Amino acid sequence: MANIHEDVERILVTEDELREINRRLGAQITEDFKGKKLFIVGILKGSIYFMTDLTRNIDLPLEIDFLGVSSYGSSTRSSGQVRILKDLDKSIEGYDVLLIEDILDTGRTLSYVSEMLMNRKANSISICTLLDKPERRAPDVNIVPKYVGCDVPNEFVVGYGLDYDQKYRNLPYIGVLKRAIYE
């Protein structure tokens, strides 16, 4: 694997489009959270690139932390079993929490995390996802993100934080991984 770009079938979201998504969402979040105590929670590991670029576009005082959550392992499909690998370092009681996720697929992970955080007495929980795959949403999950970068088709995507077996996160765009890589 000398060149990771060769493993990508096609690019879905370019670097320029990612910059524009971050500007658009940052401006919207800035407006919506004015006067609130904003606490941003990134879902590791996939959200790191998106969260970093997005927070640079939010013109408000804010605090950040991360949750380490796993439901995929080295598979291309969620197991449905959510495990917390790293919890928050401080209480979110009294904060308006913005969950940052790389991709909203079945919604089971975000449903679990949202419920867990609401039980910790946050003022509110909002969801911001870079990518949304609405056609993959589990029928028993009622998750509606407030902020969406863009919708993507039901294909296996990598790059800009999204991985396959911990690889391809460092691609500067979102691309569809060639099936031969993971089948």
Side-chain angles (χ1 to χ4, degrees), residues 1-26 29 40-57 64-86 98-114 126-138 141 143-183:
M1 180 169 51
N3 183 339
I4 61 173
H5 300 278
E6 293 173 1
D7 293 342
V8 174
E9 183 177 301
R10 71 184 185 288
I11 295 174
L12 287 179
V13 186
T14 67
E15 291 178 70
D16 287 340
E17 290 169 325
L18 289 168
R19 276 190 288 280
E20 182 50 38
I21 286 169
N22 283 304
R23 278 193 286 273
R24 174 178 53 84
L25 292 177
I29 291 164
I40 293 183
V41 176
I43 306 297
L44 291 175
K45 297 177 186 170
S47 73
I48 61 169
Y49 293 92
F50 176 46
M51 181 173 160
T52 298
D53 290 344
L54 177 63
T55 55
R56 290 185 198 145
N57 286 278
I64 66 170
D65 202 349
F66 295 93
L67 273 174
V69 180
S70 176
S71 65
Y72 280 82
S74 61
S75 173
T76 61
R77 295 206 181 263
S78 173
S79 67
Q81 299 293 327
V82 179
R83 296 179 315 143
I84 302 297
L85 306 175
K86 185 245 178 256
L98 180 62
L99 279 173
I100 307 290
E101 178 67 292
D102 55 357
I103 189 165
L104 178 50
D105 196 318
T106 65
R108 287 196 172 96
T109 299
L110 277 177
S111 180
Y112 177 89
V113 169
S114 296
S126 300
I127 295 170
C128 177
T129 186
L130 173 60
L131 306 175
D132 191 8
K133 278 189 189 177
E135 66 186 89
R136 288 268 305 135
R137 202 80 73 248
V141 173
I143 284 286
V144 179
K146 185 168 184 178
Y147 309 97
V148 175
C150 63
D151 287 355
V152 290
N154 189 16
E155 297 180 88
F156 196 78
V157 293
V158 293
Y160 199 63
L162 290 104
D163 75 301
Y164 168 66
D165 198 20
Q166 300 300 322
K167 297 172 194 71
Y168 306 102
R169 291 187 197 279
N170 57 318
L171 288 168
Y173 52 78
I174 306 292
V176 175
L177 191 63
K178 290 180 180 174
R179 286 176 102 51
I181 303 298
Y182 59 89
E183 286 187 340

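In this chain, residues are counted from 1 in sequence order. Because the structure is predicted, anything quoted here is derived from the model rather than measured.
Looking at Thr129 and Tyr147, their side chains never come closer than 4.5 Å, going by heavy atoms from C-beta outward. Put simply, the side chain of Ile4 reaches to within 4.5 Å of the side chain of Leu171, judged on heavy atoms. At a threshold of 4.5 Å between non-hydrogen side-chain atoms, the residues Leu177 and Tyr168 count as touching. Side-chain contact between Val157 and Val13 is absent, with no heavy-atom pair separated by less than 4.5 Å. In this structure the side chain of Val113 reaches within 4.5 angstrom of the side chain of Ile43, judged on heavy atoms. The side-chain heavy atoms of Leu131 and Leu162, taken from C-beta on, include a pair separated by under 4.5 Å. The closest side-chain heavy-atom distance from Tyr49 to Leu130 is not below 4.5 Å. Within the 4.5 Å cutoff, no side-chain heavy atoms of Ile103 are placed close to those of Glu101.
When the salt bridge (charged side-chain N to carboxylate O under 4.0 Å, His left out) test is applied to Arg24, no partner is found at least two apart in sequence or on another chain. Not counting sequence neighbours, the partners of Glu155 by the side chain to side chain donor-acceptor pair (under 3.5 Å) test are Arg10.
Under 4.0 Å is where a charged nitrogen must lie from a carboxylate oxygen, and between Asp132 and Arg137 at least one such pair does. With salt bridges taken as basic N to acidic carboxylate O contacts below 4.0 Å, one links Asp105 and Arg136.
Scanning both residues, Val148 and Asp151, for their nearest heavy atoms gives CG1-OD1, 3.9 Å. Between Leu99 and Ser114, the shortest heavy-atom contact is CD1-OG, 3.6 Å. Between Ser111 and Val141, the shortest heavy-atom contact is CB-CG1, 4.1 Å. In this structure, Leu18 and Pro172 approach most closely via the heavy-atom pair CD1-O, 3.5 Å. Between Gly26 and Leu54, the shortest heavy-atom contact is N-CD1, 3.6 Å. The minimum heavy-atom distance linking Ile100 with Met51 is given by the pair CG2-CB, 3.9 Å.
Put simply, the residue from Asp102, Asp53, Asn170 that forms a side chain to side chain donor-acceptor pair (under 3.5 Å) with Tyr160 is Asp53. Among the candidates Ile29, Asp65, Leu98, the single residue satisfying the side chain to side chain contact (heavy atoms under 4.5 Å, CB included) test with Ile40 is Leu98.
Here the CD-OG1 distance, from Glu20 to Thr14, works out to 10.5 Å after rounding to the nearest 0.5 Å. Remark: Leu67 CG to Leu85 CG distance equals 10.0 Å, nearest 0.5 Å. Remark: Thr55 OG1 to Asn22 CG distance equals 9.0 Å, nearest 0.5 Å. If you take CG on Leu104 and CG on Leu110, they are separated by 5.5 Å, rounding to the nearest 0.5 Å. Going from atom CZ of Phe50 over to atom CD1 of Ile174 covers 9.5 Å, rounded to the nearest 0.5 Å.
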Quiz prompt | Pair Lys133-Val152, side-chain contact (heavy atoms from CB on, under 4.5 Å): steps then yes or no | solution = CA-CA 6 Å; Lys133 278 189 189 177; Val152 290; 3.6 Å; yes
Exercise. List the steps, then state whether salt bridge (Lys or Arg N to Asp or Glu O under 4.0 Å) holds for Arg169 with Asp163.
Key: CA-CA 5 Å; Arg169 291 187 197 279; Asp163 75 301; 3.3 Å; yes
Practice problem: Check step by step if side-chain contact (heavy atoms from CB on, under 4.5 Å) holds for Val8 and Val176. | Solution: CA-CA 6 Å; Val8 174; Val176 175; 5.6 Å; no
Quiz prompt | Val69/Leu44 under side-chain contact (heavy atoms from CB on, under 4.5 Å): CA gap, chis, key distance, verdict | solution = CA-CA 6 Å; Val69 180; Leu44 291 175; over 6 Å; no
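Between Tyr164 and Phe156, the ring planes are perpendicular. Angles over 60° get that label, and only those under 30° would be called parallel.
Taking the six-membered ring where the residue is Trp, the centroids of His5 and Tyr173 are separated by under 6.0 Å.
Counting non-hydrogen atoms of other residues, nucleotides and ligands closer than 6.0 Å to CZ of Arg23 gives a total above 12.
Side-chain atoms of Lys45 never come within 3.5 Å of backbone atoms of Gly68 as a donor-acceptor pair (strictly under, hydrogens ignored).
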